[in-house]
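Scroll down for the structure; my scribbles are underneath it.
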Amino acid sequence: MMLYFFTPRICRNLLPCTSTSKLLTTLYSTCSKQKSKEVVNMHESCIEIREKNYNHISPANTQITLDPDKYVLPKTSSPNSNKETTRPFEEPQWKPMQVEFAHLHKYCLKLSKIRLTSLVVITTMGGYAIAPGMFDLYTFTMCSVGTALVSSAANAVNQFFEVPFDAQMSRTKNRVLVRGQLTPVHAVLFATLSGVTGLTILYSQVNPITAMLGAINLVLYTLIYTPMKRISILNTWVGSIVGAIPPLMGWAGCTGDIMAPGAWIMSGLLYAWQFPHFNALSWNLRPDYSRAGYRMMSVTNPNLCRKTALRYTAALMGLSYLAPVLDVTNWYFAAMSTPLNSYFLYLAWKFYQNSDSASSRKLFRFSLVYLPVLMILLLVNKKYWFIGKKKTDTVTNDENYQKETFLSNLSRLIIPTTSSV
């Protein structure tokens with residue numbers, strides 16, 4: 001109050017006499033653009049001052065419309081009341097976690113990353129299909145089911161470990177564990193049941209080699225690849241090994257052996273394919289990966305990301321030419337896959353040159369088309385559709401013929417013929 005009396009007063013023709021401090025307060029309140037500002041008693045005087053000013057300048061009958069955004073007055077309170085205006089009810093940020101058991105099957109499919117699990121199963125089926133041998137529908141089905149369960153367990157463990165990091169990424173913030181649709185206990189229980197059941201099916205219904213490969217893949221994905229994503233860019237190479245094992249499981253499920261050179265063709269193709277596929281995908285997700293603290297090539301070393309995608313796309317063409325050399329396919333496969341590999345290599349080259357969102361998106365989308373088309377070409381141009389009952393019969397006939405020839409020659413030397421007497 002003392003400040004009000006000792007400050008100089010300003011008088012103009014258009015404004016009533018008022019103190020400087022009161023004038024500054026008035027001007028500040030009239031020029032404010034905030035919509036949700038609390039109302040003070042000065043607003044009425046401010047409105048009266050503006051009305052007098054406009055009435056002095058404009059005609060007497062002119063009505064002055066006030067901007068409702070600048071003057072927010074309480075509806076039920078009087079101008080002299082000092083009560084605070086009521087604020088809308090805000091929902092609490094933390095809610096109790098409630099699982100809807102009616103949608104539990106949908107949550108489990110999301111927890112297993114159904115798209116990634118489907119890709120793993122398809123590559124396993126591809127490895128089984130291109131392997132030389134008789135097609136056994138029961139073994140084929142059990143191999144696919146066991147691989148799907150093991151993959152679901154690995155994906156569930158991965159989501160369990162990465163909940164705080166998935167919440168920071170736009171691509172993963174709607175996962176079931178992040179949104180609280182499933183509890184961590186449900187995720188661990190689902191992963192345990194899926195992993196144990198899948199490995200048991202592979203061991204008992206397929207063969208021990210396939211079960212061993214499934215267990216190795218589960219350990220690599222959950223205990224090595226998942227934590228390594230926040231430590232080193234080598235996680236991409238480890239993840240590519242994880243993606244290359246399922247077709248090897250399919251080959252082992254069909255033949256019971258992984259020592260044949262052809263067993264590694266399909267695995268090599270899957271290993272090389274993941275670099276242009278994932279590097280193109282991660283290029284447009286660099287802000288998300290950086291925010292969550294993941295050490296990806298696209299974030300820490302963009303130049304290496306582009307080079308790696310180009311190198312392994314060229315390696316895909318080389319492996320396609322190696323397949324007929326190792327008697328996995330005929331030479332038609334090399335000819336038919338050349339246009340496919342050439343266009344894939346062209347897109348990788350454009351990504352290496354431009355490195356923008358458009359080129360990376362084209363490379364990623366074509367990689368989704370490239371893999372199934374290449375697997376169909378492998379299947380169509382498969383060299384040995386039947387193992388070898390024919391192959392085994394041929395070998396057996398050759399051995400019997402050699403034995404008979406040897407015995408006949410030996411008998412001629414021991415027993416003299418009539419012509420020699």
Side-chain angles (χ1 to χ4, degrees), residues 111-131 133 139-162 187-188 190-275 277-278 312 319 371 375:
L111 185 64
S112 64
K113 296 181 184 177
I114 186 62
R115 293 180 182 178
L116 183 58
T117 301
S118 301
L119 178 62
V120 172
V121 173
I122 290 173
T123 54
T124 305
M125 293 164 59
Y128 190 101
I130 68 169
T139 307
F140 177 80
T141 304
M142 291 297 102
C143 186
S144 302
V145 171
T147 305
L149 290 173
V150 173
S151 176
S152 298
N155 292 326
V157 174
N158 176 265
Q159 291 195 46
F160 171 78
F161 283 134
E162 295 185 341
V188 173
F190 173 79
T192 304
L193 291 176
S194 299
V196 172
T197 305
L199 292 176
T200 303
I201 291 175
L202 292 176
Y203 182 82
S204 61
Q205 304 300 319
V206 186
N207 54 53
I209 297 178
T210 308
M212 181 189 66
L213 290 173
I216 291 174
N217 217 19
L218 182 62
V219 172
L220 277 177
Y221 191 80
T222 57
L223 301 181
I224 298 179
Y225 169 70
T226 298
M228 189 177 285
K229 289 197 292 184
R230 301 181 57 82
I231 298 173
S232 172
I233 61 173
L234 294 177
N235 69 83
T236 307
W237 280 266
V238 176
S240 297
I241 296 175
V242 172
I245 290 179
L248 197 62
M249 293 172 62
W251 185 287
C254 182
T255 64
D257 183 26
I258 57 173
M259 300 308 295
W264 300 92
I265 287 295
M266 187 73 177
S267 298
L269 290 171
L270 262 294
Y271 177 81
W273 170 81
Q274 291 178 82
F275 288 96
H277 170 76
F278 180 73
Y312 281 94
L319 288 171
L371 186 61
M375 293 177 65

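Since we're looking at a predicted model, the values are computed, not measured.
Taking Thr124 as the reference, nothing meets the side-chain hydrogen bond (donor to acceptor under 3.5 Å, both in side chains) condition, with sequence neighbours excluded. In this structure, the side chain to side chain contact (heavy atoms under 4.5 Å, CB included) partners of Ile114, at least two apart in sequence or on a different chain, are Leu109, Ser118. For Val219, the side chain to side chain contact (heavy atoms under 4.5 Å, CB included) criterion is met by Leu223, not counting sequence neighbours. For Gln205, the side-chain hydrogen bond (donor to acceptor under 3.5 Å, both in side chains) criterion is met by Tyr138, not counting sequence neighbours. Applying the side-chain hydrogen bond (donor to acceptor under 3.5 Å, both in side chains) test to Asn207 and every residue at least two apart in sequence or in another chain returns Thr210. Scored by the side-chain hydrogen bond (donor to acceptor under 3.5 Å, both in side chains) test, Thr222 finds no partners at all (sequence neighbours excluded).
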Could you walk me through whether Met125 and Met375 pass the side chain to side chain contact (heavy atoms under 4.5 Å, CB included) test, one step at a time?
CA-CA 10 Å; Met125 293 164 59; Met375 293 177 65; over 6 Å; no
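A side chain to side chain donor-acceptor pair (under 3.5 Å) check over residues 193-202, counting only residues at least two apart or in different chains, returns nothing. The salt bridge (Lys or Arg N to Asp or Glu O under 4.0 Å) analysis of residues 229-254, with sequence neighbours excluded, yields the pairs Glu162-Lys229. The list of ring-ring contact (aromatic ring centres under 6.0 Å, His included) pairs with a residue in residues 205-236, not counting sequence neighbours, reads Tyr221-Tyr225. Listed by first and then second residue, the salt bridge (Lys or Arg N to Asp or Glu O under 4.0 Å) pairs that reach into residues 248-265 come to none, sequence neighbours excluded.
Summarising the geometry of Ala252 relative to Ile258, their closest heavy-atom pair is CB-CG2, 3.6 Å, with the distance given to 0.1 Å. Taking every heavy atom of both residues into account, Ala260 and Trp251 meet most closely at CB-CZ2, 4.2 Å. Scanning all heavy atoms of the two residues, the minimum distance from Val188 to Phe160 falls at CG2-CE1, 3.8 Å. Considering every non-hydrogen atom in both Ala156 and Phe190, the closest pair reads CB-CD2, 3.8 Å. Scanning all heavy atoms of the two residues, the minimum distance from Leu199 to Gly214 falls at CD2-C, 3.9 Å.
Taken from NE2 in His277 to CG in Leu371, the straight-line distance is 9.0 Å, to the nearest 0.5 Å.
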Identify each donor-acceptor pair in which a side-chain atom of residues 142-153 lies under 3.5 Å from a protein atom, sequence neighbours left out, and give them as a table.
from	atom 1	to	atom 2	distance (Å)
Ser144	OG	Phe140	O	2.9
Thr147	OG1	Cys143	O	2.7
Ser152	OG	Ala148	O	2.8

Would you list the atom pairs, donor with acceptor, under 3.5 Å between side chains in residues 236-250 and any protein atom, with sequence neighbours excluded?
from	atom 1	to	atom 2	distance (Å)
Trp237	NE1	Tyr312	OH	3.3
Ser240	OG	Thr236	O	2.9

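Using a 30° and 60° split on the angle between ring planes, Phe275 and Tyr271 fall in the perpendicular class, above 60°.
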